[in-house]
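Take a look at the structure below.
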There are 2 protein chains.
Amino acid sequence: MPEAPEAPVVADRVPRLVGPVEVVGAGLVGASIGLACARAGIEVLLTDVSSENVRTASGLGAGRPRRPDDRPQLVVVAVPPDHLGRVIAAALVDGDAVVTDVGSIKSGPLADVADSAGAHRYVGSHPMAGSERSGPLAATAALFDGRPWAITPHAAADVEAVELVEDLVRLCGGVPVWLTPAEHDRAVARTSHVPHLLSALVAARLAEAPENHLTLSGQGVRDVTRVAAGDPRLYGQIVSGNAEAVAALLTEVRDDLEAMIAAVSAGDRAGLELLLDRGVAGTRSIPGKHGGPATPTRSVFVAVPDHPGELARLFADAVASEVNIEDIRIDHDPGRPVGLVELVVDRTRAEHLLGSLEERGWTTHR
Amino acid sequence: MPEAPEAPVVADRVPRLVGPVEVVGAGLVGASIGLACARAGIEVLLTDVSSENVRTASGLGAGRPRRPDDRPQLVVVAVPPDHLGRVIAAALVDGDAVVTDVGSIKSGPLADVADSAGAHRYVGSHPMAGSERSGPLAATAALFDGRPWAITPHAAADVEAVELVEDLVRLCGGVPVWLTPAEHDRAVARTSHVPHLLSALVAARLAEAPENHLTLSGQGVRDVTRVAAGDPRLYGQIVSGNAEAVAALLTEVRDDLEAMIAAVSAGDRAGLELLLDRGVAGTRSIPGKHGGPATPTRSVFVAVPDHPGELARLFADAVASEVNIEDIRIDHDPGRPVGLVELVVDRTRAEHLLGSLEERGWTTHR
């Protein structure tokens, strides 16, 4: 009989981050970090150009206003992209704290501080959370729970500084993802900035369309263009701060697009399918639920009359079938008050769910 | 006191479509049309190159196999895109039935039959339903309920033929959208084909990415690339059949993309924001629920532990708050079994929903 594998030995580690933590920029992300640190018993000091933000954030329990005699152990810079470099540099000369930032671009701010005497105390990071909301009122200690949080140390960073930032990430419930600053910027160009920009280009075509043409819109175009509703001022800052990586990827897309135009115009069916095949391969490379490989799913479609109670009834019935729902989408039907709800479930459970819902009187579309 | 407005007078109309209806191509759409017609008491005749499809569809109640002596009133051609023209032409010479088709491109098939003696009996149409599923087993009489169904008569079509096709659409529960064949093809190029193709180009970039880069994927890239998972063989046929309209729009996108690359590379923030602004305008032009103008919505985010019952509990609580849920999305957190559910509600109801859910113990992210 084979022996059970040994459990890995984990040494007890004394937490290195004990505080105080100063948060510079008490907006959504900064105030949420404040709340998470407070939740863990760490003292939090708040700084913001807006004293109202400081008042609001401390009122929520995210910390207290920083005083001149405070000596933070760690400073978290959470200001808008255009100000990151300057504020990080100022924090580095203001004492001997370790400094991190939470901006969505890492190379630019690093370049701004690389020559600073305190640069060895700077370790950039980037929590992947909360981009659609803003302001301290939106803050919550749970914002980062289970979310990826990139940590991007440069070559000259102190080991102790890196460990302190890792402690912060774990304390906030985040999942560390280790990347160099340049790798990170290339990664977010690919997974965030280029998708956003292409979504905007598709959406721009809709603004020019005759209205009755748009009645033919389905779920596909809604999904593709959803992210394009984001704030152009914010995304302009972010993309501009990652210009090199973004331009390189946009150029690859442009080259593919030229090939696609040529294939379509020439009736080159095989060439077109090749490009579409690469798209399919790309969709399969996105991590699935909880970071594991994507499990094959199937969609079950149910017609739901548009009263609030109906959706809850559908969910209760789906739950009673004991099939876990991985994702949901609601399609909006013009002309009739009926919604089509798409329940995405494990492929092997779809038939069971269908039968179960049909027994309970639901109209399903296979 | 003002008088109540008069109710419009609607003349009782004798239904013009009495049957039989022949369905050529007993796949998802054809068999569903058969089921809808049978539901309305219309006799349905089935034809398919696969006798198994005919057996399956008739077994489901979608009709009976066509016999040589049958004389259909209306023939519905529901075969794959590459065969449409040929099969429509054959149906036109096989008697004096009115003929329609349900293909997603209208100009091509029309050109194939325009010189046929029976062309005045042909009226193309296109139901916007069911593109992700296939085969007669997936068929349902309710597939078209409340869905837009484009009707695209050419200039030489008989009025009676047009009326018969309109009857079919309404009988199936569809909402007629009147367009010329060329208008239709431009419309679906814009609302369906170009979004699909651009989605594939974004997804293709992911296939080439280092794996740890992809851990930084969020909901945005999942939304943008979702539709790119569709079958390249099918979409290759569809796009090739709409080459002119698609190529024209792809060229517009290519020009915008060149402008975007130039703006990003040159640090032209204003130019980039202008392009993003047009994307925002485009997202606002998509019809909202039930075909009306999009009402301003706001998203409410709730942390939901990943057990089947939790989602139903959330919905029951949302319903108890008496706030109608317009849309739902589930975000998948790597590393922890917690999902973030996004409830999209009317902007004026969001605060009420938040307060109500928080009172019931839910962790919300504003």
Side-chain angles (χ1 to χ4, degrees), chain A residues 138 140 142 146 175 177 187 191 195 198-204 206-207 213 215-217 220-221 223-224 226-229 232 236 243 247 250 253 256 261 264-265 272-273 276-279 281-283 285 289 291 308 312 315-316 319 324 327-328 330 332-336 338 363 365-366, chain B residues 138 140 142 146 175 177 187 191 195 198-204 206-207 213 215-217 220-221 223-224 226-229 232 236 243 247 250 253 256 261 264-265 272-273 276-279 281-283 285 289 291 308 312 315-316 319 324 327-328 330 332-336 338 363 365-366:
Chain A
T140 165
V175 179
V177 179
T191 62
L198 270 293
S199 174
L201 294 189
V202 173
L206 303 177
H213 287 207
T215 56
L216 301 189
S217 299
V221 64
D223 283 348
V224 174
R226 179 170 301 117
V227 78
L250 287 182
V253 173
D256 266 3
I261 293 171
V264 171
S265 306
L272 176 59
E273 285 182 12
L276 292 173
D277 281 332
R278 284 168 50 208
T283 62
S285 62
K289 201 171 195 180
F315 271 76
V319 157
N324 196 29
D327 208 343
I328 315 164
I330 299 183
H332 303 134
D333 293 272
R336 279 212 192 175
V338 174
T363 299
H365 300 182
R366 285 158 175 274
Chain B
T140 165
V175 180
V177 179
T191 62
L198 270 294
S199 175
L201 293 190
V202 173
L206 303 177
H213 287 207
T215 56
L216 301 190
S217 299
V221 64
D223 283 346
V224 173
R226 180 170 299 118
V227 79
L250 288 182
V253 173
D256 266 4
I261 293 170
V264 172
S265 305
L272 176 60
E273 285 182 13
L276 292 173
D277 281 333
R278 286 168 49 208
T283 63
S285 64
K289 203 169 194 180
F315 270 77
V319 157
N324 196 30
D327 209 340
I328 315 165
I330 298 183
H332 303 133
D333 293 272
R336 278 215 193 172
V338 174
T363 299
H365 299 182
R366 286 157 175 273

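Every chain is numbered from 1 and lettered A, B, ... according to where its sequence line falls, protein lines coming before strand lines.
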Interface check, chain B: of A:Ala142, A:Ala204, A:Ala243, most non-hydrogen pairs under 4.5 Å belong to A:Ala204
Counting heavy-atom pairs under 4.5 angstrom with chain B, the leader among A:Ser199, A:Pro232, A:Ala228 is A:Pro232
So, the part of B:Thr363 with a heavy atom under 4.5 Å from chain A: the answer is side chain
Indicate the atoms forming the closest heavy-atom contact of [X] with [Y], along with that distance.
X: B:Leu276; Y: A:Ala200; result: CD2-CB, 3.9 Å
X: B:His213; Y: A:Thr191; result: O-CG2, 3.9 Å
X: A:Glu273; Y: B:Gly236; result: CG-CA, 4.4 Å

Checked B:Asp256, B:Val227, B:Val177, B:Leu272 vs chain A; the most non-hydrogen pairs under 4.5 Å come from B:Asp256
With chain A, the option among B:Ala281, B:Ser265, B:Ser217, B:Ala247 that has the most non-hydrogen atom pairs under 4.5 Å is B:Ser217
With sequence neighbours left out, the residues meeting side-chain contact (heavy atoms from CB on, under 4.5 Å) with A:Val202 are A:Val224, A:Thr225, B:Pro195, B:Leu198
